[in-house]
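First the structure, in the form of structure tokens, and then the observations on it.
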Amino acid sequence: MKTFYITTPIYYPSGKLHIGNSYTTVLCDSINRYKKLRGYDTYYLTGMDEHGQKVETVAKERSLTPQAHVDIIADDTKKLWKMLDIKYDDFIRTTEDRHEVVVEQIFEQLLKQDDIYLGEYEGHYCIHDESFFTETQLVDGKNCPDCGRPTELIKEESYFLRLPKYQDWLLKYIEDNPGFITPESRKNEVVSFIKGGLRDLSVSRTSFEWGVKVKSNPKHVIYVWIDALSNYITALGYRSKDTKLFNKYWGGDEVLHVVGKDILRFHAIYWPIMLKALDIPVNFKLYAHGWYLMKDGKMSKSKGKVVYPDDLIPRYGLDAMRYFLLKEIPYSGDGVFTPEDFVARVNYDLANDFGNLLNRTINMVNKYFNSSIKKNSATTEFDQLLVDKVKETIEAYSTSMDAMKVSNAISSLWSLISRTNKYIDETTPWVLAKDETKKDELENVLYNLVESLRHIGVMLKPILLDASKGLFTQLNIPTNLQTWDSLEFGSLKEVTVTDKPNPLFPRLDKKIEEEFIGTLLSGHPCKNCKDEEKEPENLITIEDFDKVEMVVGEILECKVHPDADRLLVSQVNTKDKVRQIVSGVSKYYSPEDMIGKKVVIVKNLKPVKLRGVLSEGMILAGKGRKALEVLELNNLKPGDKIS
Ligand code: MSP
């Protein structure tokens, strides 16, 4: 069995992950599921990059130890992956012993070999990006070219990794291995950067504590990128007591690192050089994807321009989220998230094109054949076109998935879906159903629809998790016909579909949902880009609040309730009418106190009888431990609205 080892970058614990950084994990999950479907023995690694000055600073601001801070975020991250149904095999954290011990050894070995040496560094350091920049790289003479934040001028003793020593080797390696860095445009970026001349890389810091210490000189902390990149092999047990996984997967058939375009250079230059220096085979491939942007630029937590998967999934389902993420970033470009596009993808692609096709097919099998159909020998002039399209789609889909072009693979699948919908229009089953002599032809048409849907279901398995399961359940497809090897038109012999079809994707109300997602986008400004605060569970939306109709009411008369001393019964003018309201305020107000007050009335409360007296609303009051005060608005008129 061929092996396949796939990794995501390990995430910084800088707060909740948004759809942008969740994208890599969903993409890897989908590729990993595809490889499994194709019969590979796969291993999927993700995790957290938990060291560095930024973590130390943020933890301090939260009055937590760095370890407590990263523990909380690692837990939240795992919960998010669970919600996205990410099937990873290991979750590595750089604060784990199994990792730290090996990073120490890696550093010492490189030092011993003189690939690393001790020198002095002066440079402009960006804490946020954990990177040094030269004067000429800075924006406006002081700001980080990547994130725009101010940098600090730092001069310190530092260890350096000799990158130039490996420059020619790396260029030749890239040239000899055309598939090493994809897409091609990213490879070109890397090549021109290397040709510009590599310089020794500063690989230790003395300005903070939170990291792996250099064993032979513990006042130095190992640079976070040397620490982080090593995770890809420490997680497999490199240099540990048990190197089985390392030998099997790193030494296996395919190793793929998936990263965002912003961290391409670290993976395409430092990492292969580290491996080469350590005498570990550089047998990985690197795919650098684009970014999710908002309509007006980068996602930004500090500006509140950000979307979180856990806001969308409970409302729209996991598959809607996964579909959007995987579809909207093209192979070599960026994608844009807008509420309009999100709703359109659900309504057009999922509900209309795909969901309806399945639903219509099941309904027709139920209506015309009492749920059961068989393969027969009848034909229509349109069958071959559909069969050819299915074959063509299997080819196009697998070529795209093999090349990490998941968005293209999805487009091929949807092209088959629309071809299958067209087959219904061409063969007009409802017309065939009227003619008893066309019964076989009709059964053949429905069979072809089910068979096409079965193929669609298999290819959807890595992409839509619930919907592919739902399709197989509703069509009652046996598990041996849900596999890649069963993809041959005609393998299905007979089928009994469910008689209770259930639409997989209900259509969304465009206006309501676009508005809802819009409020999410404007509702997340975090304080100074720090960690987000957890929202209390009992929040209501503005729509919820708007349901309460409040107006000013003038109390015309007031009496003590005939059967309950603690209640007062007031006659209140709310302009539309005089309503009777019972309220429990007599301990604090006499009836005379109440008369003439202009108070806040909840007008649309369902009328109730309190101790036999009808109450048509509520008078609002604030209550402390010892006092109660009725809210008054003395400058307004009865009936004035309160919002
Ligand atoms: N810790 C480093 C990676 C070390 S790997 C040895 C890091 N972490 S990160 O949390 O900042 O970013 C993790 C990944 O999320 C990166 O691949 C980055 O490109 C990706 N994304 C962050 N924002 C993104 C979007 N808006 N869209 C798509 N991917 C994005 O870098």
Side-chain angles (χ1 to χ4, degrees), residues 6-28 45-55 58 70 73-74 76-77 80-81 91-95 99 103 106 126-131 144 146-147 149 186 211-212 222-235 256-272 274-275 284 286-303 305-309 324-326 328-338 404 406-407 521 529 531:
I6 186 166
T7 67
T8 70
I10 47 174
Y11 298 93
Y12 287 134
S14 47
K16 203 166 143 173
L17 295 180
H18 51 64
I19 59 160
N21 32 40
S22 302
Y23 169 67
T24 324
T25 313
V26 173
L27 179 67
C28 289
L45 174 72
T46 187
M48 304 285 298
D49 185 358
E50 300 186 328
H51 288 130
Q53 186 168 8
K54 197 169 48 181
V55 177
V58 172
V70 297
I73 299 203
D76 287 350
T77 306
L80 177 63
W81 297 157
F91 187 97
I92 178 109
R93 300 177 56 189
T94 54
T95 51
H99 173 79
V103 171
I106 287 176
C126 172
I127 299 184
H128 182 264
D129 290 332
E130 317 259 11
S131 294
C144 169
D146 287 344
C147 71
R149 293 176 174 81
R186 307 272 182 232
V212 182
I222 296 173
Y223 176 44
V224 75
W225 274 99
I226 297 280
D227 176 358
L229 288 163
S230 309
N231 92 87
Y232 300 131
I233 52 176
T234 59
L256 177 66
H257 297 316
V258 181
V259 301
K261 60 182 181 179
D262 54 318
I263 54 174
L264 169 68
R265 205 180 290 168
F266 301 96
H267 286 81
I269 300 175
Y270 307 164
W271 183 225
M274 276 173 68
L275 289 169
F284 70 87
L286 182 64
Y287 169 63
H289 62 71
W291 268 40
Y292 260 109
L293 306 173
M294 305 304 272
K295 229 183 301 191
D296 45 358
K298 264 187 167 183
M299 279 200 199
S300 152
K301 289 190 187 182
S302 51
K303 293 182 190 139
K305 283 195 310 187
V306 65
V307 195
Y308 295 104
F324 188 89
L325 286 178
L326 294 170
E328 292 290 300
I329 290 197
Y331 171 64
S332 61
D334 293 327
V336 179
F337 180 94
T338 67
M404 296 298 296
V406 178
S407 174
L521 297 188
C529 202
D531 184 19

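What you see below is based on every heavy atom in this structure, not just the backbone, and it leaves out hydrogens, waters and symmetry mates. Order of listing sets the numbers, starting from 1, for every ligand and every atom in it. Position 1 is the first residue of the sequence; numbering continues from there. The structure presented is a predicted model; accordingly, all values stated were derived computationally and were not measured.
- Scanning the protein heavy atoms around atom 3 (C) of ligand 1, the nearest turns out to be I10 O, 3.2 Å.
- For F266, no heavy-atom contact with ligand 1 is shorter than 4.0 Å.
- Of all the atoms in ligand 1, the ones that sit under 4.0 Å from a non-hydrogen atom of A228 are 6 (C).
- In this structure, W225 counts as a contact residue of ligand 1, since one of its heavy atoms falls inside 4.0 Å of the ligand.
- For Y232 and H267, the ring centers sit closer than 6.0 Å to each other.
- Which parts of ligand 1 touch Y292 is read off a 4.0 Å heavy-atom cut-off, strictly below it: atoms 25 (C), 26 (N), 27 (N), 28 (C).
- Scanning the protein heavy atoms around atom 28 (C) of ligand 1, the nearest turns out to be G20 O, 3.1 Å.
- Ring geometry, Y308 versus H18: the interplanar angle falls from 30° to 60°, so the pair is classed tilted.
- Contact of the M48 side chain with the F91 side chain is registered, since non-hydrogen atoms from C-beta on lie closer than 4.5 Å.
- Taking all atoms of both residues into account, the shortest heavy-atom contact from D227 to I222 is N-CG2, 4.3 Å.
- Those atoms of ligand 1 with a heavy atom of H18 less than 4.0 angstrom away are 23 (N), 26 (N).
- What sits closest to atom 17 (O) of ligand 1 on the protein, heavy atoms only, is G260 N, 2.9 Å.
- Closest approach of L286 and V259 over heavy atoms only: CD1-CG2, 3.9 Å.
- Nearest protein neighbour of atom 16 (C) of ligand 1, counting heavy atoms only, is I263 CD1, 3.8 Å.
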>> Does V307 form a side-chain contact (heavy atoms from CB on, under 4.5 Å) with M294? I'd like the steps, not just the answer.
In response: CA-CA 9 Å; V307 195; M294 305 304 272; 3.7 Å; yes
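- Looking only at protein heavy atoms, the nearest one to atom 10 (O) of ligand 1 is Y12 N, 3.1 Å.
- Listed for the H99 side chain is no donor-acceptor partner under 3.5 Å among the backbone atoms of S230.
- For ligand 1, the atoms lying closer than 4.0 Å to a non-hydrogen atom of H267 are 5 (S), 6 (C).
- Evaluated by nearest non-hydrogen atom to atom 1 (N) of ligand 1, the leading choice among L325, T94, D49, L27 is D49.
- Within the 4.5 Å cutoff, no side-chain heavy atoms of H128 are placed close to those of D146.
- Among all protein heavy atoms, the one lying closest to atom 14 (C) of ligand 1 is Y11 CE2, 3.7 Å.
- The side chain of D262, and not its backbone, has at least one atom closer than 4.0 Å to an atom of ligand 1 (non-hydrogen atoms only; side chain from C-beta on).
- Using cut-offs of 30° and 60° for the angle between ring planes, the W271 and H257 rings count as tilted.
- By the 4.5 Å heavy-atom criterion applied to side chains, L17 and W81 are counted as neighbours.
- Interface atoms of ligand 1 facing Y232, defined by a heavy-atom separation under 4.0 Å, are 5 (S), 6 (C).
- For atom 15 (O) of ligand 1, the nearest protein heavy atom (residue, atom name, distance) is N21 CB, 3.2 Å.
- When side chains are defined from C-beta on, E50 does not count as touching V55, because their heavy atoms never get closer than 4.5 Å.
- Neither the backbone nor the side chain of K298 comes within contact range of ligand 1; no heavy atom lies under 4.0 Å.
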